[in-house]
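Have a look at the structure below, then the notes.
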Amino acid sequence: MENINVLINKARIEKRLDEMAREIEKDYKEKDIVFLVTLKGAVPFMWELAKRIKNNIIFEFIEVSSYKNNKDTGVLTLHKDIKDTVEGKDVIIIEDIVDTGKTIKFLLEHLKDKNPNSVKIATLLSKPSKMVTELNIDYTGFKIDDKFIVGFGLDDNQNLRNLPYIGYIE
Ligand code: IMP
Ligand code: MG
């Protein structure tokens, strides 16, 4: 197996998640929040963040990818849509990593028809150097260099999602 290095350890992740939770509580006061979670990578981040927040949180799941037969087609495909309505609700898109920003752009477009009251974005990681579009990300865990990340939900061809830290492969 390739060499996996620790980029951000569990203690640093937990400290940052505490801070993000406080920011979200401050912004949303007592309001209910819909976490729109992108499958599959954002699932650990979703839970670790949600359990630190006092507001009532409703979970919705969506799956999009630009991959077909393991090849990046550059075209986003919707695999699984939201089941319940988010009309009039305050939505936070929960993403594992913002790379080029194309996935978030697609989701923002997709949500327009569903008439939420508000939409914000929370991501565990972002790679600012890779971004190809103008995006305002409301909550970012860590800004990182352009490395290939695994662990804490992120995968290498579906593997290694369960590492309890954020690692990178050399
Ligand atoms: P974007 O549309 O280019 O912003 O890509 C976002 C998606 O690509 C993420 O939701 C991840 O699923 C995947 N991705 C981007 N960078 C990495 C990485 O370093 N490791 C694992 N998955 C990644
Ligand atoms: Mg993803």
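The residues of the chain are indexed from 1 along the displayed sequence. Numbering of ligands and ligand atoms starts at 1, following listing order. Remember, it's a predicted structure, so these values are computed and weren't measured experimentally. All heavy atoms count here, side chains included; hydrogens, waters and symmetry mates do not.
- Some N or O of I149 is nearer than 3.5 Å to an N or O of ligand 1, by distance alone.
- Salt bridge K26/E19: absent, no basic N to carboxylate O contact under 4.0 Å.
- Of all the atoms in ligand 1, the ones that sit under 4.0 Å from a non-hydrogen atom of D155 are 21 (C).
- Scanning for side chain to side chain donor-acceptor pair (under 3.5 Å) contacts around E30 gives an empty result, with sequence neighbours left out.
- Among K40, K105, K127, the residue whose heavy atom sits closest to atom 17 (C) of ligand 1 is K127.
- Contacts of I97 with ligand 1, taken as heavy-atom pairs under 4.0 Å, involve both backbone and side chain.
- Using a 4.0 Å cut-off between heavy atoms, T38 makes no contact with ligand 1 at all.
- Side chains of N115 and T85 form no contact here, defined as non-hydrogen atoms less than 4.5 Å apart.
- Considering only heavy atoms from C-beta on, M131 comes within 4.5 Å of V98 through its side chain.
- Atoms of ligand 1 lying under 4.0 Å from at least one heavy atom of K147, given by number and element, are 19 (O).
- In terms of polar-atom proximity, T100 is counted as a contact of ligand 1, with an N or O under 3.5 Å from an N or O of the ligand.
- With a heavy-atom cut-off of 4.0 Å, K130 does not touch ligand 1 at all.
- R52 has a carboxylate O that lies under 4.0 Å from a charged side-chain N of D18, or vice versa, which qualifies the two as a salt bridge.
- When side chains are defined from C-beta on, K147 does not count as touching N5, because their heavy atoms never get closer than 4.5 Å.
- Heavy-atom contacts of E95 reach the following atoms of ligand 1: 10 (O) (cutoff under 4.0 Å).
- Using cut-offs of 30° and 60° for the angle between ring planes, the F35 and F59 rings count as perpendicular.
- When each atom of ligand 1 is checked for a heavy atom of L154 under 4.0 Å away, the hits are 20 (N), 21 (C), 22 (N).
- Looking at residues two or more places apart in sequence or on another chain, you find no side chain to side chain donor-acceptor pair (under 3.5 Å) involving N55.
- Considering backbone and side-chain atoms alike, G101 places an N or O below 3.5 Å from some N or O of ligand 1.
- Counting heavy atoms from C-beta outward, D27 and D138 have side chains that stay 4.5 Å or more apart.
- Of the listed residues (T103, L76, D96, I144), the one carrying the non-hydrogen atom nearest atom 10 (O) of ligand 1 is D96.
- The nearest non-hydrogen atom to atom 5 (O) of ligand 1, considering only V98, T133, D99, comes from D99.
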